[in-house]
Every structure is written in C-alpha cells, then in structure tokens.
Amino acid sequence: MKEEILLKAEKLINMYKEGLLGGRVMPEDSNPGLPKTSLENYLYFTLPMALNYQRNSYTLWESALKTYNDEETKFLFNPKEVINKPESEVQKALIKYRLALQKDKQTKIWITLCHTFVNLFDGDIRKIFDQNENDPDKIRKFMQIKHKKEFPYLSGNKLCNYWMYVIYEYTGRTYTDLSKLTVAPDIHVCRATCKLGLITEEELNSSKVQELVIQRWHELMKNSKYNEIDVHTPLWLWARNNFKEIR
C-alpha cells in the first residue's frame, strides 16, 4: 500500500515538473522583485503569510503587491514604522487593497508580528534563521514553543512550514537539512493526502488532521529519494485542479 502511494506521489511530482498540473504562476509570484537576500524581501514574504488562512492565496498575494506598490500603504512592510503608527492607520492601510479581510483581528496579528520582529530581532527577520543555525527544527521550536504567542498564525503547523518553504524558494535562504521541511497541511494538501489513501475520510475531518498529514508524509518519504516538501506543491495543485488523473 505504501509503495503504491509513494509511486503515485512520484508521478505527481513528475507531472508537476512537466507542467501537467498547472501552477506555472504560483501565488507568491505576485511580488515586487526585490533583491533576494534583502530584509525588505524577507518581510514581504513573511508578514502577509500570517493572513493566509481560509482565503484564496492568489488574491492574498495580489493584494500584498498592490499594498507594497502604493506609497501610502508601503509602510506596512517596515515593522519599525508600523509599531509607531496609530492602530487605526495600520488598519486603514491593511484594508485598502483587502490585504486584511478581518480588519480588527488581522490588524492585531500584523501589529503583533511587527512588535515581535522589532523586540526580538531589531526589525530584521533574517536573524531568526541566523540565530537558529538555519535549522528548520530549531526555527520551529523557537516559534512554536518558546515564542508561540509572539508569532500569531505564523507559528501554526500549516503556515510555519509553508513560510519556511517560501523563504527557501524566494530569498535564496538555505537550510542545514531540507528534509526537515515538512509538507504544509492546508486544506488542499489534506484533501490530496486523503485522495491518495494516506489518511482516511474520518481523519480528514478530525481536529488533528494537520498533525496526521505531516506524520504520514514523514513516514512515507523518510526512506525515499525525495524530501517531504517536494510533494507539497504537486499535492496542492492536484487538489486545486480537481484531482486530474495521475499518469
């Protein structure tokens, strides 16, 4: 059974590489093309990620780009500026292009993260990687255990893993061991995992589905030639494309 699922996963990875699942333009491709290693680039791919739940990822990042390109709202991507602005001004900027959909809750998330970045890293989010030796396990422990309340939503199982993956893809950041990056268990990945038979329908609807999806892919991929994160985007696109026939 596991061998069969692994074979299907490998076929999905190959289909993705061949462009058969779509996805030539990914949500995060809506970005201003900042220098990869710059602080501005890291902040651009970090702050909106915390608002990436229960919404269309493409429209989120389109909103982020419009917000960044507008001189009136660009300050949102500078934590030191944000924490010195009235909350009402931050909220107004966040909702201008619908970057924030839940204006009160998501404004508080954004401001909390900006305070975290300033208090812990003097505004430089790159330090979280440097201080934790570019080790995904240490970064997760730092965010999910030591400072969980200071990283609202970004510290969650889905977003934390996916954020580290996006940082890897769009900033040039390298990790000590890429195999430590797990799949990011959003609704599409969870549905695709169920479709492959790696979790049951009952597990898909359980409150622990994210942990189960991470665990099952870890067990399946640990003796294969692939890293767990390799299957994330193929699964995501496969589910979004109504489970195109695997070949």
Side-chain angles (χ1 to χ4, degrees), residues 27-28 31 38-55 57 60-61 63-64 67-68 75-85 87 90-91 93-94 99-171 173 175-177 180-187 189 207-211 213-214 228-229 232:
E28 297 81 14
N31 68 74
S38 68
L39 172 58
E40 292 78 9
N41 197 43
Y42 274 76
L43 289 167
Y44 181 84
F45 286 111
T46 298
L47 284 161
M49 188 67 73
L51 309 187
N52 190 14
Y53 57 92
Q54 296 183 341
R55 65 189 298 182
S57 295
L60 166 74
W61 289 102
S63 296
T67 303
Y68 184 88
F75 77 88
L76 287 171
F77 296 89
N78 184 329
K80 289 183 178 179
E81 281 195 56
V82 169
I83 65 173
N84 286 308
K85 297 273 190 184
E87 184 174 329
V90 176
Q91 185 178 91
L94 281 169
L99 180 51
L101 298 182
Q102 300 172 349
K103 62 180 185 178
D104 294 327
K105 181 178 182 179
Q106 293 183 332
T107 297
K108 285 180 170 55
I109 289 170
W110 196 281
I111 292 173
T112 297
L113 284 173
C114 287
H115 275 289
T116 297
F117 299 161
V118 173
N119 294 339
L120 296 182
F121 314 113
D122 192 32
D124 192 341
I125 190 62
R126 295 172 298 186
K127 291 180 181 178
I128 193 173
F129 302 95
D130 299 333
Q131 291 175 10
N132 289 285
E133 302 172 326
N134 294 312
D135 184 325
D137 284 344
K138 290 182 179 179
I139 295 166
R140 269 193 294 265
K141 184 177 181 181
F142 183 90
M143 293 176 64
Q144 296 181 331
I145 299 174
K146 291 182 180 178
H147 297 278
K148 185 173 178 59
K149 289 184 179 179
E150 290 155 285
F151 290 93
Y153 282 85
L154 200 60
S155 62
N157 281 325
K158 181 193 92 171
L159 290 182
C160 187
N161 283 289
Y162 190 63
W163 169 66
M164 283 196 282
Y165 171 67
V166 167
I167 291 294
Y168 167 76
E169 286 287 327
Y170 290 89
T171 72
R173 173 70 58 168
Y175 296 111
T176 52
D177 188 350
K180 291 181 179 180
L181 278 188
T182 73
V183 296
D186 72 354
I187 185 60
V189 170
S207 60
K208 295 188 175 181
V209 61
Q210 291 186 336
E211 292 92 333
V213 168
I214 289 172
E228 293 165 54
I229 199 63
H232 172 83

>> Any non-hydrogen side-chain atom of L60 less than 4.5 Å from a side-chain atom of P27?
In response: no
> How long is the gap from OG1 on T67 to CG on L94, to the nearest 0.5 Å?
Replying inline: 7.5 Å
> Where do N31 and Y44 come nearest, in terms of heavy atoms and distance?
Replying inline: CB-CE2, 3.4 Å
>> Show, in sequence, the C-alpha distance, side-chain angles and deciding distance for K158 and Y53, and conclude whether the side chain to side chain contact (heavy atoms under 4.5 Å, CB included) test is met.
In response: CA-CA 9 Å; K158 181 193 92 171; Y53 57 92; 4.3 Å; yes
>> Please find the pair of heavy atoms, one from R55 and one from L99, that lie closest to each other, and give the distance.
In response: NH1-O, 2.8 Å
> Closest approach of E150 and H147, non-hydrogen atoms and distance?
Replying inline: OE1-ND1, 2.7 Å
> So, does T116 use its side chain to make a donor-acceptor pair with the main chain of F151 at under 3.5 Å?
Replying inline: no
> Given F129 and Y42, is the side chain to side chain contact (heavy atoms under 4.5 Å, CB included) satisfied, shown in steps?
Replying inline: CA-CA 11 Å; F129 302 95; Y42 274 76; 3.8 Å; yes
> Among all residues two or more places apart in sequence or in another chain, which pass the side chain to side chain donor-acceptor pair (under 3.5 Å) test with Y168?
Replying inline: none
> Are any side-chain N or O atoms of W110 and backbone N or O atoms of L76, one a donor and one an acceptor, separated by less than 3.5 Å?
Replying inline: yes
> Is L101 close to Q106 at the side-chain level, that is, under 4.5 Å between some pair of heavy atoms?
Replying inline: yes
> Side chains of N52 and S57: does their closest heavy-atom pair fall under 4.5 Å?
Replying inline: yes
> Would you say N132's side chain and D135's backbone share a donor-acceptor pair under 3.5 angstrom?
Replying inline: no
>> I'd like to know if the side chain of N161 pairs up with that of R140 as donor and acceptor (distance under 3.5 Å, no hydrogens or angles considered).
In response: yes
> Looking at Q102, E87, Q91, which one forms a side-chain hydrogen bond (donor to acceptor under 3.5 Å, both in side chains) with K108?
Replying inline: E87
>> I need the E81 CD to F75 CZ distance, nearest 0.5 Å.
In response: 7.5 Å
> Would you say Q144 and N157 make side-chain contact, with heavy atoms under 4.5 Å?
Replying inline: yes
> How would you list, by chain and number, every residue that makes a side chain to side chain contact (heavy atoms under 4.5 Å, CB included) with K80, sequence neighbours excluded?
Replying inline: N78, V118, D122
> Shortest non-hydrogen contact from Y170 to N41?
Replying inline: O-ND2, 3.0 Å
>> If you apply the rule side-chain hydrogen bond (donor to acceptor under 3.5 Å, both in side chains), what do you find for E28 with Y162, and how did you get there?
In response: CA-CA 11 Å; E28 297 81 14; Y162 190 63; 2.8 Å; yes
>> I'd like to check P136 versus T176 (side-chain heavy atoms, cut-off strictly below 4.5 Å). Are they in contact?
In response: yes
> Do the side chains of M143 and I128 get nearer than 4.5 Å, heavy atoms only?
Replying inline: yes
> Roughly how far, to the nearest 0.5 Å, is the CG atom of D130 from the CD1 atom of I125?
Replying inline: 10.5 Å
>> I'd like to check I139 versus M164 (side-chain heavy atoms, cut-off strictly below 4.5 Å). Are they in contact?
In response: yes
> Which heavy atom in L120 sits nearest to a heavy atom in Q131, and how many Å separate them?
Replying inline: O-NE2, 4.4 Å
>> Working to the nearest 0.5 angstrom, can you tell me the gap between N134 CG and D177 CG?
In response: 12.0 Å
>> Would T46 and W163 count as a side chain to side chain contact (heavy atoms under 4.5 Å, CB included) here? Give the steps.
In response: CA-CA 7 Å; T46 298; W163 169 66; 2.9 Å; yes
> Taking all atoms of both residues into account, what is the closest heavy-atom pair of L159 and M49, and its distance?
Replying inline: CD1-O, 3.4 Å
> Would W61 and Y68 count as a ring-ring contact (aromatic ring centres under 6.0 Å, His included) if you check the C-alpha gap in whole Å, the side-chain angles of each, and the deciding distance to 0.1 Å?
Replying inline: CA-CA 10 Å; W61 289 102; Y68 184 88; over 10 Å; no
> Is it true that the NZ or CZ of K180 lies under 6.0 Å from the centre of Y175's six-membered ring and within 45 degrees of the ring axis?
Replying inline: no
>> Within the structure provided, determine whether L47 and C114 are in side-chain contact (heavy-atom separation under 4.5 Å).
In response: yes
> K208: what forms a side chain to side chain contact (heavy atoms under 4.5 Å, CB included) with it, not counting sequence neighbours?
Replying inline: S206, E211
>> How long is the straight-line distance from CG of L113 back to CD1 of I83, given to the nearest 0.5 Å?
In response: 12.5 Å
